[in-house]
**Student:** 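This is the structure, below, for whatever I ask next.
All values below come from the heavy atoms of this structure, side chains included, with hydrogens, waters and symmetry mates left out. For reference, positions follow the sequence shown, starting with 1. Both ligands and their constituent atoms are indexed starting at 1 by order of listing. Note that the structure is predicted; figures quoted are calculated from it, not measured.
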Amino acid sequence: MAGVFSTLLLSGMLLCGVLLHIVSHHAGTSTKKPNFIIILADDIGWGDLDVNLPEERANNNTPHLNLMAQQGMRFTDFHSAASTCSPSRAALLTGRYGLRNGVTHNFAVDSVAGLPLSEVTLPQLLQKAGYYTAMIGKWHLGHTGPYSPTNRGFDYYLGIPYSNDMGCTDRPGFNLPECLPCNSPGPQVIRLQRDVHGGCYSKVGLPLIENSSIVAQPLDLWTLTERYKSAALRIIHNARDQGQPYLLYIALAHMHVPLSPLVAPDTPSTSQNTDDGRVYAATLQEMDSLVGAVKSASDSDTLIWFTGDNGPWEQKCQFAGSVGPFQGKWQISRGGGSAKRTTWEGGHRVPTLAYWPGRIPANTTSTALLSGMDILPTLLSLAGVTPPSDRRYDGIDATDILLHGEQTGHEFLFHPNSGAAGKFGDLQTVRNGKYKAFYMTGAAEACGGATGSQQLHDPPLIFDLERDEAEERPLDFEKPEYKAVADRIARRREELLWDIATDTSVSTADYTTDKSAAPCCDPTQAVCRCHLLR
Ligand SMILES: *[C@@H]1O[C@H](CO)[C@@H](O)[C@H](O)[C@H]1NC(C)=O
Ligand SMILES: *[C@@H]1O[C@H](CO)[C@@H](O)[C@H](O)[C@H]1NC(C)=O
């Protein structure tokens, strides 16, 4: 009896195996989950990518990204979830507006906390689903204890825990105003250095962190690209050897000042052939070649998503990127800058590409209205992971847009104030179709220092981005077109604000600062100087 039973069982198992084999063969995919690489550029402008510009204006600074666009999908209406670093990154990793995840403005070198621990991150969810999760680069969501990347879902971390200007380096790089080097001999010299509002922050040297240890301080910025590149390639190769699906999140230091590229003599200039324009161009090329190296190393079943954290930092003049056609002219004519930190298009419309050979159709353009918050639901959906049901998400699953030519993105998308006007995180600008409404306007500091003033708008200013991508002339309040749009947007805005007000999963971030929270490998040394530990 037992013999017959086990024979039956065995043949049953064989049959199952055959069926499974047929099924998976038929679907054309293995049961292994796809790999994900997110590459987030810092302060990159929409017009920094050649493929986003008309041919006659392109400089050929981004050949690898151009090729990625040709082999994948380019997005023309993709937005960072905020117009400044920490909130944009928090929203990307949580799929939620800053009003829900608590991160509405930037953390500092001496911030004691970070992204609230009540928030659930993309790497946490993928890690639980069997992914190897690694991060390289700028975290900027809290660097102390439980707030650090390896405690928020990453198995491995290598990077500068915040912006590359938040600490001095021995070779300062290109910035405006010039950052002072940290090779100053004694503490009193350091005290004389200008703080946040000067060049680089000067209290501590810029640290390089691996997992949760400082491995270099101050970091030699000029070696950073090579370090990031070799770490990325090692992670990809190791994950392949292990046969484990992976998430690799690379938050580049490029194109944030101070820039530190090697400038070849034949580098073309991005602005009127000046040397500074050549520095910017060389930095773009360096970023592009890093992306190219990651792309060539990646396996075929890997989705690479390239995007930006916010628009260019105009205050940095020739060391800032290009907004392309999104010039925010209404604001510029009233003074101040209209890119990073603002809710003008130049502040949050970011160059974005998605590449996945054999899955994302090649050489395609998507005009769907999308946001960095959509990355979390989309990757979870592709990995077959259900997001936790105890919280509300603002991002949408864009799988059908990536894979199946669907063009419908957000019906409404809100842009939070990132420091240009009013209260941090407030949803002051709303997109609906081709229309964009401003309940409040404000400017960032422009090149040259002009700041402009904040202004409330009741009724809101509404621009038609299809006719007026430079946001120059708002619609006439008297037009029936205006009234219909204004009503629709006002209704949806009320609904969302109510939804957030009644959301029991809203988190609050602790923005307290304390000197002791600044990363320091040796407090007895000026600028916390240490030898390279590894
Ligand atoms: C970081 O963690 C990895 C394991 O994920 C380990 O191989 C490496 O040695 C660690 N590095 C440091 C500096 O602790
Ligand atoms: C990509 O598409 C454009 C226009 O849609 C076409 O002109 C070009 O030849 C295509 N390139 C490739 C490599 O297929």
Side-chain angles (χ1 to χ4, degrees), residues 35 37 49-58 60 62-77 121 123-124 126-128 130-137 139 143-161 206-220 223-224 226-251 292 295 351-368 401-402 405 407 519-522 528 530-534:
N35 307 310
I37 301 179
L49 232 63
D50 295 326
V51 287
N52 280 349
L53 296 174
E55 234 159 82
E56 65 279 7
R57 289 196 41 220
N60 202 27
T62 57
H64 294 101
L65 286 159
N66 299 351
L67 184 64
M68 195 192 279
Q70 224 173 75
Q71 299 170 337
M73 186 173 280
R74 178 175 73 99
F75 297 88
T76 59
D77 206 357
T121 67
Q124 277 176 314
L126 288 177
Q127 195 177 46
K128 234 192 277 170
Y131 274 72
Y132 175 69
T133 55
M135 173 176 180
I136 295 173
W139 169 243
H143 45 271
T144 59
Y147 297 95
S148 63
T150 45
N151 286 313
R152 297 316 307 271
F154 288 106
D155 293 313
Y156 175 80
Y157 174 66
L158 176 75
I160 306 171
L206 199 65
L208 181 71
I209 292 184
E210 188 176 22
N211 301 339
S212 49
S213 316
I214 298 174
V215 292
Q217 192 172 26
L219 165 69
D220 182 352
T223 64
L224 189 63
E226 273 311 308
R227 284 174 193 275
Y228 282 3
K229 189 194 285 178
S230 59
L233 303 192
R234 195 180 65 234
I235 289 161
I236 292 169
H237 293 147
N238 285 352
R240 179 184 306 153
D241 291 347
Q242 304 286 318
Q244 196 178 358
Y246 62 86
L247 165 71
L248 172 57
Y249 169 40
I250 307 177
K295 174 168 169 272
T352 304
L353 305 173
Y355 164 83
W356 192 0
R359 300 295 303 277
I360 293 179
N363 200 22
T364 48
T365 300
S366 170
T367 57
I401 294 169
L402 292 182
Q407 286 291 347
C520 185
C521 58
D522 183 355
C528 303
C530 291
H531 294 296
L532 184 64
L533 302 178
R534 302 176 82 229

**Student:** Can you tell me if Thr62 and Asp50 form a side-chain donor-acceptor pair at under 3.5 Å?
**Tutor:** yes
**Student:** Considering only heavy atoms, which protein residues lie less than 4.0 Å from any atom of ligand 2?
**Tutor:** Gln70, Asn363
**Student:** Please name all residues satisfying ring-ring contact (aromatic ring centres under 6.0 Å, His included) with Tyr131, sequence neighbours left out, ordered by chain then number.
**Tutor:** Phe36
**Student:** Could you work out, with salt bridge (Lys or Arg N to Asp or Glu O under 4.0 Å) as the rule, every residue matching Arg234, not counting sequence neighbours?
**Tutor:** none
**Student:** What atoms of ligand 1 come within less than 4.0 Å of a heavy atom belonging to Asn211?
**Tutor:** 1 (C), 2 (O), 3 (C), 8 (C), 10 (C), 11 (N), 12 (C), 14 (O)
**Student:** Among all residues two or more places apart in sequence or in another chain, which pass the side chain to side chain donor-acceptor pair (under 3.5 Å) test with Tyr228?
**Tutor:** none
**Student:** Where do Val51 and Arg74 come nearest, in terms of heavy atoms and distance?
**Tutor:** O-NH1, 3.4 Å
**Student:** Report yes if some heavy atom in the side chain of Tyr156 is under 4.5 Å from a heavy atom in the side chain of Ile235; otherwise report no.
**Tutor:** yes
**Student:** Could you tell me whether the side chain of Phe154 reaches within less than 4.5 Å of the side chain of Asn211, counting heavy atoms only?
**Tutor:** no
**Student:** Just jot down the ligand 1 atoms closer than 4.0 angstrom to any heavy atom of Glu210, in number order.
**Tutor:** 11 (N), 13 (C)
**Student:** What atoms in ligand 1 come closer than 4.0 Å to a heavy atom of Asp155?
**Tutor:** 5 (O)
